[in-house]
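Have a look at the structure below, then the notes.
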Number of protein chains: 2
Amino acid sequence: MRVTYKEIKSDILAKIVKGEWAPGDLVPNEVDLAQSYNCARATVNRAMRELSEDGIVERRRKAGTRVRSSPLRKARFDIPLVRDEVEEKGETYRYALTGSVVEIAPPWLRGQLQLPEAGKVLYLSCMHYADDTPYGHEARWISLTALPAAETADFTEIGPNEWLVATVPFSEVEINLSAGLADRVLADCLECSPGDPVFTIERATWWKGQAVTYVRFSYPPGHRLTTRY
Amino acid sequence: MRVTYKEIKSDILAKIVKGEWAPGDLVPNEVDLAQSYNCARATVNRAMRELSEDGIVERRRKAGTRVRSSPLRKARFDIPLVRDEVEEKGETYRYALTGSVVEIAPPWLRGQLQLPEAGKVLYLSCMHYADDTPYGHEARWISLTALPAAETADFTEIGPNEWLVATVPFSEVEINLSAGLADRVLADCLECSPGDPVFTIERATWWKGQAVTYVRFSYPPGHRLTTRY
DNA sequence: TAGTGGTCTAGACCACAGG
DNA sequence: CTGTGGTCTAGACCACTAT
């Protein structure tokens with residue numbers, strides 16, 4: 001059979017794992033590798049390019065390809081829709097709107113999103129449940145400057161996330177992961193104690209440079225974001 | 001000039017951003033796109049493949065390519081070496097070993113790493129500073145079964161991470177992000193208060209299926225892991 | 001300046017899954 | 001069965017940069 005780029009990739013990865021090619025070592029160039037694998041250079045190129053994207057090797061023109069001294073510079077995490085996240089675990093998803101108010105954007109939010117002064121926003125407080133146990137709390141702000149339609153939308157049945165996904169085409173995003181503390185309100189929502197640690201994902205979204213929405217999603221104590229290599 | 005795959009990629013992304021191609025829409029097939037861009041199919045393929053990897057579109061043989069209804073399923077975060085992380089901000093990096101002991105692996109660690117019973121581990125407690133303010137605390141366990149050399153290594157000058165990187169070729173890894181609370185000891189190290197929220201990155205590492213090391217890295221309150229699109 | 005990776009082409013065959 | 005993406009090839013030219 002012909003040699004595939006996947007075979008080359010895993011073969012080279014194996015050599016690195018075994019220590020045959022140590023961190024910092026120079027890897028043979030593409031022409032030589034193609035010859036030794038008896039395949040086209042493009043095939044080797046694809047394998048090496050992916051190893052480079054994975055952070056395993058480092059490539060520079062003329063200087064060649066080297067095994068990275070510190071592997072694993074990049075980790076990829078899935079940031080799924082809550083509904084999918086819950087349903088993929090085989091649990092039943094339930095959503096509830098717990099609060100809704102139109103307000104002038106508070107200063108911290110204006111700063112986060114670069115909103116115009118006195119811009120109005122719709123604030124929504126939502127809960128997500130998996131098998132009727134709290135899965136996470138969503139604090140959502142939607143810019144009514146960018147999306148006036150949000151003011152009249154009905155968020156009692158459909159969560160703001162799903163509504164937005166269906167309404168706004170695509171967007172620029174900034175994601176922040178951090179650790180916070182549950183205050184009394186959040187503790188009530190998540191059925192934990194005030195002062196418990198909550199894992200927080202914040203996401204700011206723009207569309208054509210204009211701020212659309214900001215969301216702070218808080219997971220109950222013990223939640224983990226995981227990835228493997 | 002010839003059409004590059006990057007141009008095609010950003011052109012298609014622009015169409016999605018503008019809403020010209022809405023979520024769920026079918027995108028023309030590769031042959032048609034190649035014709036309309038007046039380039040080879042391989043060039044279109046590369047553009048579409050990357051859009052697929054980025055989570056922008058979804059591709060299936062015979063079914064064709066569709067714009068994803070929920071963009072941003074994947075986020076990539078850099079998990080750098082602490083030294084690099086600090087120095088890239090233009091601050092001065094300092095490392096200190098604050099504790100070191102050889103012990104029998106506690107049960108929770110045995111569970112995490114699938115260690116043999118009564119396996120000995122080297123536990124190290126280290127601090128990392130940026131401009132002399134605490135940057136993070138590293139609780140490190142190294143399996144002496146896998147790496148007996150660690151017992152006699154000197155970790156007063158070189159951090160365990162850098163030592164390991166130079167010693168172990170490459171490895172399988174599991175990374176966990178979570179939120180925790182500072183206990184009294186950790187609070188002292190990080191110069192914060194007990195009960196403060198700490199952002200925690202845990203990393204378990206194997207080599208050829210054998211557990212090598214486990215590290216829990218705790219950042220002071222306020223630390224964020226960020227990524228943009 | 002020369003060596004290395006980056007990319008494009010034109011064509012081919014194949015694997016998969018929708019209808 | 002047939003359309004679609006997935007991959008490989010052999011060759012070419014180009015861009016970058018170490019020396």
Side-chain angles (χ1 to χ4, degrees), chain A residues 1-16 21-71 73-74 76, chain B residues 1-16 21-71 73-74 76:
Chain A
M1 190 184 109
R2 268 173 167 164
V3 182
T4 70
Y5 81 92
K6 286 184 181 174
E7 286 166 348
I8 296 177
K9 190 180 170 186
S10 63
D11 185 64
I12 287 177
L13 187 53
K15 283 185 176 155
I16 294 174
W21 291 347
D25 277 8
L26 200 60
V27 172
N29 69 39
E30 294 191 347
V31 177
D32 291 351
L33 283 173
Q35 210 157 39
S36 69
Y37 284 110
N38 191 32
C39 69
R41 181 164 80 93
T43 308
V44 170
N45 180 274
R46 171 107 190 244
M48 298 306 286
R49 175 164 25 93
E50 293 201 354
L51 285 172
S52 164
E53 283 165 2
D54 294 346
I56 311 297
V57 302
E58 195 167 13
R59 321 193 76 190
R60 266 151 61 219
R61 281 164 155 130
K62 168 77 182 176
T65 301
R66 287 178 185 280
V67 179
R68 279 198 110 96
S69 43
S70 56
R73 298 179 59 83
K74 293 181 177 184
R76 214 164 198 184
Chain B
M1 190 184 105
R2 268 175 170 163
V3 182
T4 70
Y5 81 92
K6 286 183 181 174
E7 285 166 349
I8 296 177
K9 189 180 169 184
S10 65
D11 185 64
I12 287 176
L13 186 54
K15 283 184 176 155
I16 295 175
W21 291 347
D25 277 8
L26 199 60
V27 172
N29 69 37
E30 295 191 345
V31 177
D32 291 352
L33 283 173
Q35 209 156 41
S36 68
Y37 283 111
N38 191 33
C39 71
R41 182 165 78 96
T43 308
V44 171
N45 180 273
R46 169 106 192 244
M48 298 306 286
R49 175 162 27 95
E50 292 202 354
L51 286 172
S52 165
E53 283 165 1
D54 294 346
I56 312 297
V57 302
E58 195 167 11
R59 320 194 77 191
R60 267 151 60 218
R61 282 168 156 123
K62 168 76 181 176
T65 301
R66 287 179 184 282
V67 179
R68 281 199 110 97
S69 43
S70 56
R73 297 179 60 81
K74 294 183 177 183
R76 213 164 197 182

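Order of the sequence lines fixes the chain letters, A, B, ..., with proteins taken first and strands second; residue numbering starts at 1 for each chain.
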Passes side-chain contact (heavy atoms from CB on, under 4.5 Å), A:Val44 versus A:Ile8? Steps please. CA-CA 7 Å; A:Val44 170; A:Ile8 296 177; 4.1 Å; yes
Output the rounded distance in Å from CD (B:Glu50) to C1' (D:dG5). 16 Å
Approximate separation, where rounding is to 0.5 Å, of B:Ile16 CD1 and B:Leu51 CG: 6.0 Å
Hey, could you give me the CG/CZ distance between A:Asn45 and A:Arg59, rounded to the nearest 0.5 Å? 5.5 Å
Just how far, in rounded Å, is P of C:dG18 from CD of B:Glu58? 12 Å
Relative to the 5' end of DNA chain C, which residue comes earlier, A:Ser52 or B:Ala40, by the nucleotide with the nearest heavy atom? A:Ser52
Please pick, from D:dG5, C:dT4, C:dT9, the nucleotide with the shortest atom-to-atom distance to any side-chain atom of B:Ala42. C:dT9
Using whole Å, what does the distance between atom P of nucleotide D:dG6 and atom NZ of A:Lys6 come to? 10 Å
Is any side-chain N or O of A:Asn45 closer than 4.0 Å to OP1 or OP2 of C:dG5? no
Atom pair distance, as rounded to whole Å: CG in B:Leu51 and P in D:dG6: 12 Å
A:Glu30 has an atom CD; how far is it from atom P of C:dT7, in whole Å? 11 Å
Taking 4.0 Å as the cut-off, does a side-chain nitrogen or oxygen of A:Arg59 come that near to OP1 or OP2 on C:dG6? yes
Can a side chain N or O of A:Thr65 be found less than 4.0 Å away from OP1 or OP2 on C:dG5? yes
Can a side chain N or O of B:Thr43 be found less than 4.0 Å away from OP1 or OP2 on C:dT9? yes
Can you check the B:Leu33 CG to D:dG5 P distance for me, whole Å? 8 Å
Distance below 4.0 Å between B:Arg60 side-chain N/O and C:dG18 OP1 or OP2: yes
Give the rounded distance in Å between these two atoms: CD of A:Glu7 and C1' of D:dC8. 12 Å
How long is the straight-line distance from CG of B:Asp11 back to OG1 of B:Thr4, given to the nearest 0.5 Å? 10.5 Å
Output for pair (B:Arg68 CZ, B:Ser52 OG), nearest 0.5 Å, gives 7.0 Å
Under 3.5 Å, side chain of B:Asp32 to main-chain N/O of B:Asn29, donor-acceptor pair present? no
Are B:Arg46 and C:dT7 close enough that a side-chain N or O sits under 4.0 Å from OP1 or OP2? yes
Side-chain atoms of A:Tyr5 come closest, of C:dG5, C:dT9, D:dT7, to D:dT7
Would you mind telling me which residue lines up with the more 5' stretch of DNA chain C, A:Arg2 or B:Cys39, judged by nearest nucleotide? B:Cys39
Categorize A:Val31 for me: base, sugar-phosphate, or nothing, with a 4.0 angstrom heavy-atom threshold over every strand shown. nothing
Could you tell me the separation between the CG atom of A:Asn29 and the C1' atom of C:dG6, rounded to a whole number of Å? 14 Å
Between C:dA2, D:dT2, C:dC8, which nucleotide gets closest to the side-chain atoms of A:Lys62? C:dA2
On the side chain of B:Arg61, is there an atom forming a donor-acceptor pair with the base of C:dA17 - under 3.5 Å, no angle test? no
Looking at D:dT7, does its base get a donor-acceptor pair with the side chain of B:Arg41 below 3.5 Å? yes
